[in-house]
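Heads up: the structure comes next, in C-alpha cells.
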Amino acid sequence: MSQHVRVRFAPSPTGPLHIGGVRTALFNYLFAKKHGGTFILRIEDTDQNRYVPGAEQYIVDSLDWCAIPFDEGPGREGDFGPYRQSERKDKYYAFAKALLASGNAYYAFDTAEKLTFHRKDHEAKGKTFIYNWHNRLKLDNSLSLSEDDVQKRIDNGEDYVIRFKAPQDETLHLQDEIRGDIQIDTNILDDKVLFKSDGMPTYHLANIVDDHLMKITHVIRGEEWLPSLALHVLLYRALGWDVPKFAHLPLILKPIGKGKLSKRDGDKLGFPVFPLQWEDPKTNETSSGYREDGYLPEAVINMLAFLGWNPGTEQEIFSLQELIDAFDLTRVNKAGAKFDPEKTKWFQQHYLQKADNAFIAKEFMGLLSQKSIVTTTEYVEKVVALIKERAVFISDLWNLGSYFFQAPSAYDEKAAKKGWKEHTGDIMKEVITVIDQVKVFDSKSLQEAVKGWITSNELGFGKVMQPLRLSLVGAMQGPDVFDIAITIGKEETIHRIQKAIDHLS
RNA sequence: GCUCCGUUGGUCAAAUGGUUAAGACACCACACUUUCUAUGUGGAAUUAAGGGUUCAAUUCCCUUACGGAGUACCA
C-alpha cells in the first residue's frame, strides 16, 4: 500500500454502541494498524432528532475499554477536525452547491406529506414509489419548474431539499474488497436527498465529503451500507474525487431465529449485546455490558475478531498484536454469522485462566470486601491459585471458594446422606486426632498421615475422604481436600470437622 | 413486491476441479483426579435442492429454495 492508510469508524450517537459496531471498529483498527495507518473516529450526528446524550462518550469509552483506541477523533484532534459532523456543518453546503452547478443535483420542494402519499398510493397498487428518472419531471423540483419559479420559491422561504440526479442507462461496476465485482443498473437508483430542509446534509453527502476531506483510503463498514455503495461512488465521480476502497462486513445475526442481532436478543437469551453497561437517559432502562458482566476485554476482542474472519490456521487464541499481524480483509467472510454466546464464554474462560493470579486476586478482593470479609492479598492469591481453573468469571470465585473464608453453615443434603453414615462421627473423631498429630502442616505430610492411617486401619478411602470434604467445604466440590486443609490451617480444619460431627451425627 | 448480497455439521468455520471435507464451540461416552471443575481420548454430525460443463464438481455456470440487507428530509 503506497499511500498512508486512513480508515474511520463513523457511528451515529443514537444510543449505546452495539457489539456489531464494535466489530466494525475492531476491523478498521486492525486494518489500520496492520498497515501502519491511522484509525479515526468520526461522529455522524447529522440527525439532530436522534441525538442521545451520553452516547458519544459511551462510544469513546467502549473503544478504550476494548483497547482499540482511535488516533484521531473528538478530543484527540488531528489535522482533519473537527470530528463531529454537527461541527462541520458549514463544509457541506458548498459541495451540494457544486453538484447543483454541475447538473448532478437539483432542488426539490415536494413536501413530506406528498411523498408519503405517493408511497402509500403506489404501495396500494402493488408498486414502489421511487423518486428518480421516470417521475422526477412530474414532481415539484427544479427540473420540472422554471428557473424563475424555483428562485421565487426559495426567496419566499419555502422548504426545499437538494436531491442527487442519478444517471440513466448505465451499468456500474463497483468493487468491494470482500465481495469483488458488483454490478448495478443505474436506472433502479433513486434520487437521494443530499441536503435536508433543516440545513443539514444527509448521511450520504456528509459521509463522502468527510471521507474525502479526511483523506480516508479504505471504507470498512457494515453490509447494511452495500445498497448505498452505488450512490456513494456516483457522488465521488460527480465531485471529481478519487474513490476510496470499500469493504462491506457481513452482519452479526441472532443466535436463534431470524435477523440481525438486536438489543432484545441479549435480554431474552441472557448475554450482553453491548460492550459496556448502558442506562438509557430517557427510559432509565439498563442494558447489561460485557465489562460489567465480568468479561475481559481480550476475550471480547478475540471473540469478535472471529466473527466473520479467521486466519485460515488452527490458531484461535490471538492477542491484539497477533490479530493485527494476521488480519487480512480478503479473509473476511461474505455470509452473515450467527452470534454464539457460548463461544464467547469459552474465550472468556480461556483468558481468565491465562490471567495473572495477582490480578485476579486484586479483583476478587473487591468482591470480598463487599461481603465484609477481612483477609490478606497473600491468602486470596493462594485461594485463587487453587480454584481459578473452575471459574469463567471472577465473580464465580465466591461460589467456588466461599469456604476458604467462612466455615460452611450448611451441608449439602444429598452428599451428607450419601457420605455421612452412622459410624462416620466416630471415624472423624479419630481423624481429628490424626490431623492434630501432624507436626509440619503441609499438603504432603498431611496426606501421608491421613492416608497412612486409613490404610493401616483398613477403613476405605471413601469413608474418610468424603466426610472430610463435606466437613471442610459443606459440599462435594472444590480442589484437593488436603490443599484446602493446608490453606485454611490446622486449627480451622479441626474446628470444622468437629462442627460437622456435631451437626451431622 | 423490487434491488443487491449470501448459503460447508446445531453454531463459528478451513480446504481443493481428484483428500478419509480440517479445526473450534456445544453435545454424548470414556479416562483422570476417591469430590466438583478443568484436562485428555474417542463418538455422533456437514458441502440447501435440481440441472448442466468436465474423465472428475463441495469448488465453475444456470434455475429453484432458503437466509440477510436495503427500499426515509435515519444513520
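Just so we're on the same page: letters track the sequence lines, and every chain starts at 1.
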The side chain of A/A337 is closest to which nucleotide in this list: B/rG70, B/rA13, B/rC25? B/rA13
Rounded to the Å, how far apart are A/R221 CZ and B/rC5 P? 15 Å
Rounded to whole angstrom units, what separation is found between the CH2 atom of A/W346 and the C1' atom of B/rA13? 13 Å
How is A/V193 classified with respect to the nucleic acid when contacts are heavy atoms under 4.0 Å: base, sugar-phosphate, or nothing? sugar-phosphate
Nearest-Å distance once atom P is located in both B/rG10 and B/rG6: 23 Å
Is the phosphate of B/rG67, meaning OP1 or OP2, less than 4.0 Å from a side-chain N or O of A/K258? yes
Kindly say if A/N333 contacts the phosphate of B/rA13, meaning a side-chain N or O under 4.0 Å from OP1 or OP2. yes
Would you call the rings of A/F306 and A/W309 parallel, tilted or perpendicular, taking 30° and 60° as the class edges? perpendicular
Ring-ring centroid check A/F327 A/F27, cutoff 6.0 Å: yes
Phosphate OP1/OP2 of B/rG6 contacted by A/R179 side-chain N/O (<4.0 Å): no
Report the nucleotide, chosen from B/rA22, B/rC12, B/rU71, that has the shortest atom-to-atom distance to any side-chain atom of A/E314. B/rA22
Residue whose closest nucleotide on RNA chain B lies nearer the 5' end, A/K192 versus A/F339: A/F339
Side-chain atoms of A/E342 come closest, of B/rA69, B/rA24, B/rA26, to B/rA26
Rounded to the nearest angstrom, tell me the gap between atom CG in A/D340 and atom C1' in B/rC27. 13 Å
For the P atoms, the ones on B/rG43 and on B/rC62, what distance do you get once it is rounded to whole angstrom? 40 Å
In whole Å, what is the span from the CG atom of A/L226 to the P atom of B/rA75? 19 Å
Mind checking A/E389 for me? I need base, sugar-phosphate or nothing, with any heavy atom below 4.0 Å counting as a touch. base
So what does A/P479 touch, heavy atoms closer than 4.0 Å: a base, only the sugar-phosphate, or nothing? base
Tell me whether the centres of the aromatic rings in A/F271 and A/Y290 are closer together than 6.0 Å. no
Exercise: do A/D210 and A/Y92 side chains pair donor with acceptor under 3.5 Å: yes
Have a look at A/R331 and say if it touches a base, only the backbone sugar-phosphate, or nothing, with a 4.0 Å heavy-atom cut-off. sugar-phosphate
Could you please name the partner base of B/rU35, counting Watson-Crick and G-U wobble pairs only when both distances are under 3.5 Å? none
Please classify the nucleic acid contact of A/D110 as base, sugar-phosphate, or nothing, using heavy-atom distances under 4.0 Å. base
Counting side-chain heavy atoms from CB outward, which of B/rC73, B/rU35, B/rG70 is closest to A/R469? B/rU35
Side-chain N or O of A/K334 closer than 4.0 Å to phosphate OP1/OP2 of B/rC4: no
N or O in side chain of A/R23 less than 4.0 angstrom from B/rC12 OP1/OP2: no
Mind calculating the distance between CG (A/L231) and P (B/rU71) to the nearest angstrom? 11 Å
Can you tell me which nucleotide in B/rG23, B/rC74, B/rC73 comes closest to the side chain of A/D47? B/rC74
Which whole number of Å gives the distance between the C1' atom of B/rU46 and that of B/rA24? 15 Å
Pick the C1' atom in B/rU71 and in B/rA15, then give their distance to the nearest Å. 38 Å
Taking a pair as Watson-Crick or G-U wobble with both distances under 3.5 Å, which nucleotide is matched to B/rA29? B/rU41
Within the distance-only criterion (no hydrogens, no angle test), does the side chain of A/D483 pair as donor or acceptor with the backbone N or O of A/S443 below 3.5 angstrom? no
In whole angstroms, the gap separating P of B/rC36 from CZ of A/F404 amounts to 17 Å
Say you pick atom P in B/rA65 and the same atom in B/rU54; how far apart are they, in whole Å? 28 Å
When both distances are under 3.5 Å in a Watson-Crick or G-U wobble arrangement, the nucleotide paired with B/rA69 is B/rU3
Expressed in whole Å, how much space separates the P atoms belonging to B/rA44 and B/rA29? 15 Å
Distance check, C1' atoms only: B/rU47 and B/rU59, in whole angstrom units. 10 Å
For A/K260, which contact category applies under a 4.0 Å heavy-atom criterion: base, sugar-phosphate, or nothing? sugar-phosphate
Return the nucleotide paired to B/rA13: Watson-Crick means purine N1 to pyrimidine N3 with N6-O4 or O6-N4, wobble means G-U with N1-O2 and O6-N3, both under 3.5 Å. none
Pairing partner of B/rU47, by Watson-Crick or G-U wobble and under 3.5 Å for both distances, is none
Strictly below 4.0 Å, N to O, side chains only: are A/D265 and A/K254 in salt-bridge contact? yes
Counting only side-chain heavy atoms from C-beta out, which of B/rG1, B/rA24, B/rC36 sits nearest to A/E316? B/rA24
What is the nucleic acid contact for A/L229, judged by heavy atoms within less than 4.0 Å: base, sugar-phosphate only, or nothing? nothing
Decide whether a cation-pi geometry holds between A/R163 and A/Y131; the criteria are a distance under 6.0 Å from NZ or CZ to the six-membered ring centre and an angle within 45° of the ring axis. yes
Atom pair distance, as rounded to whole Å: CZ in A/F129 and P in B/rA72: 10 Å
Which part of the nucleic acid does A/Y203 contact within heavy-atom distance under 4.0 Å: base, sugar-phosphate only, or nothing? base
Contacts of A/Y160 and A/G336 projected onto RNA chain B by closest heavy atom; the upstream (5') one is A/G336
Base, sugar-phosphate, or nothing: which does A/Q466 touch, judged by heavy atoms less than 4.0 Å apart? nothing
Which is true for A/G308 with a 4.0 Å heavy-atom rule: it touches a base, it touches only sugar-phosphate, or it touches nothing? sugar-phosphate
Against the side chain of A/R50, the closest entry in B/rC25, B/rU37, B/rA75 is B/rA75
Using a cut-off of strictly less than 4.0 Å, decide whether A/T46 has a side-chain nitrogen or oxygen near OP1 or OP2 of B/rA75. yes
Could you state the atom-to-atom distance from CD1 of A/I43 to C1' of B/rA75 in whole Å? 12 Å
Can a donor-acceptor pair be found, under 3.5 Å and without considering hydrogens, that links the side chain of A/D190 to the backbone of A/K192? no
Mate of B/rA57 where both pairing distances stay under 3.5 Å, Watson-Crick or G-U: none
Less than 4.0 angstrom between a side-chain N/O of A/R119 and OP1 or OP2 of B/rA72, yes or no? yes
Using 30° and 60° as the class boundaries, would you call the ring planes of A/Y411 and A/H503 parallel, tilted or perpendicular? tilted
Sticking with atom C1', work out how far B/rC60 lies from B/rU53, rounded to a whole angstrom. 8 Å
Would you call A/E44 and A/R221 a salt bridge, using N to O less than 4.0 angstrom? no
Residue-phosphate contact under 4.0 Å: A/K196 side-chain N/O, B/rC74 OP1/OP2: yes
How would you label the contact of A/G222 with the nucleic acid (heavy atoms, under 4.0 Å): base, sugar-phosphate, or nothing? nothing
Could a donor-acceptor pair under 3.5 angstrom be found where the side chain of A/T128 meets the base of B/rC2? no
Counting the atoms with a prime plus P, OP1 and OP2 as sugar-phosphate, which does A/L400 contact under 4.0 Å by heavy atoms, base, sugar-phosphate, or nothing? nothing
Phosphate OP1/OP2 of B/rA14: any A/N310 side-chain N/O under 4.0 Å: yes
